[in-house]
There are 2 protein chains.
Amino acid sequence: MLTPTQLCKCLGDDLRLSLVCLLHGQGEVCVCDLVDAVSAPQSTVSRHLAQLRQCQLVVARRQGTWMHYRINPELPAWAQQTMANLVSPACEALSLNLPVPACCEN
Amino acid sequence: MLTPTQLCKCLGDDLRLSLVCLLHGQGEVCVCDLVDAVSAPQSTVSRHLAQLRQCQLVVARRQGTWMHYRINPELPAWAQQTMANLVSPACEALSLNLPVPACCEN
DNA sequence: TTCGTATATTCGGAAATACGGATATTAAAG
DNA sequence: CTTTAATATCCGTATTTCCGAATATACGAA
């Protein structure tokens, strides 16, 4: 089960926090769009997504070769509130420009 | 200035999160009481407190040889809310028993 | 000044984490 | 079956973080 320490550890990295912000802003995003949005190597993004998934912060849905990620809607309330609190200051601090242009509209 | 990533990094450690919870529960606590409460070596506690201080999460007040720490009351709202959200699940997850018995009543 | 208490800092090593190119896997299309 | 596109995993390396004993500092008392 997710602990507060684990949540903070997950969010305590610029790239992972960026991914969470992007997913929080748009319901569901596929990996290629996330790779574009954060302009980091694909393997790096995928590795961080795996970490977020392992902590249950995000869930994935496969559609053909695409994987669509979204924030896990079944997180405990304290975790959801924590993430909601952080998103807007984080978007500013990380200078993320939402929304991400979607490559795959399926 | 404090960024969301830095805040999360600070809170993403069992010992630091414990210290923050203890300080959040009682206005002001001296180092020796914190050392007792978390039962960790003094140098370790002091090092983590220095880190929290460097991120401005806590402030210190010297009284003779004692140092009294408290949560920085001037934190941005998003940071205060984040910490407030996490305190109660963190106390449970870390099994902290508040309040801490105070050794120095000055 | 000297001593004792409370706290901070230093230091070397251990452990955890991050990185990204290369490779593997999965699935759709031909 | 082969190819291609999207994504995941592997692996060696680099960086960061953590630890606690030892040492240093700050302060009050004698």
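Lettering of chains follows the sequences in order, A, B, ..., and the numbering in each one begins at 1.
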Using distance only, find each side-chain donor-acceptor pair of residues 2-12 of chain A under 3.5 Å and give its atom names and separation, not counting sequence neighbours.
unit_1 : atom_1 : unit_2 : atom_2 : d
A/T3   : OG1    : A/Q6   : N      : 3.1
A/T5   : OG1    : B/D14  : OD1    : 2.7
A/Q6   : OE1    : A/T3   : N      : 3.1

Backbone of [Y] reached by a side-chain donor or acceptor of [X] within 3.5 Å:
| X | Y | value |
| --- | --- | --- |
| B/Q81 | A/N85 | no |
| A/N72 | A/V59 | no |
| B/E28 | B/R70 | no |

Worksheet item: Any side-chain heavy-atom pair from A/Y69 and A/V29 closer than 4.5 angstrom?
Response: no
Length of the [atom1]-[atom2] vector between [X] and [N], whole Å:
| X | N | atom1 | atom2 | result |
| --- | --- | --- | --- | --- |
| B/L19 | D/dC18 | CG | P | 12 Å |
| A/D33 | D/dA6 | CG | C1' | 12 Å |
| A/R16 | C/dA16 | CZ | C1' | 12 Å |
| B/H68 | C/dA8 | NE2 | P | 11 Å |
| A/R62 | D/dA5 | CZ | P | 17 Å |
| B/L15 | D/dC18 | CG | P | 10 Å |
| A/H48 | D/dA8 | NE2 | C1' | 14 Å |
| B/L49 | D/dC19 | CG | P | 13 Å |

Practice prompt. Name all residues meeting the salt bridge (charged side-chain N to carboxylate O under 4.0 Å, His left out) criterion together with A/R62; count only those two or more places apart in sequence or in a different chain, and write none if there are none.
Written response: none
Item to complete: Tell me, please, which residues at least two apart from A/E92 pass salt bridge (charged side-chain N to carboxylate O under 4.0 Å, His left out).
Response: none
Fill in: Interface with DNA chain D, restricted to residues 35-47 of chain B and to heavy atoms under 4.0 Å
B/P41, B/S43, B/T44, B/R47
Which one, [options], comes nearest to the side chain of [X]?
| X | options | answer |
| --- | --- | --- |
| B/T65 | C/dT5, D/dC18, C/dC19 | C/dT5 |
| A/K9 | D/dA8, C/dT17, C/dA18 | C/dT17 |
| B/M67 | D/dA26, D/dA8, C/dT7 | C/dT7 |
| B/W66 | C/dT7, D/dT9, C/dA18 | C/dT7 |

Practice prompt. Considering just the side-chain nitrogens and oxygens of B/R53, establish if one lies under 4.0 Å of OP1 or OP2 belonging to C/dT9.
Written response: yes
Worksheet item: Phosphate oxygens OP1/OP2 of C/dA8: is one of them under 4.0 Å from a side-chain N or O of B/Y69?
Response: yes
Worksheet item: How bent is the helix from C/dT1-D/dA30 to C/dG30-D/dC1, comparing axes over its five end pairs at each side, to the nearest 10°?
Response: 10°
Discussion item. Testing B/V58, B/D13, B/L23 one by one against B/L52 for a side chain to side chain contact (heavy atoms under 4.5 Å, CB included), which residue passes?
Written reply: B/V58
Under 3.5 Å, side-chain donor or acceptor atoms of residues 41-48 of chain B against the rest of the protein: list the pairs with distances, not counting sequence neighbours.
unit_1 : atom_1 : unit_2 : atom_2 : d
B/T44  : OG1    : B/R47  : NH2    : 3.4
B/H48  : ND1    : B/R16  : NH1    : 3.0

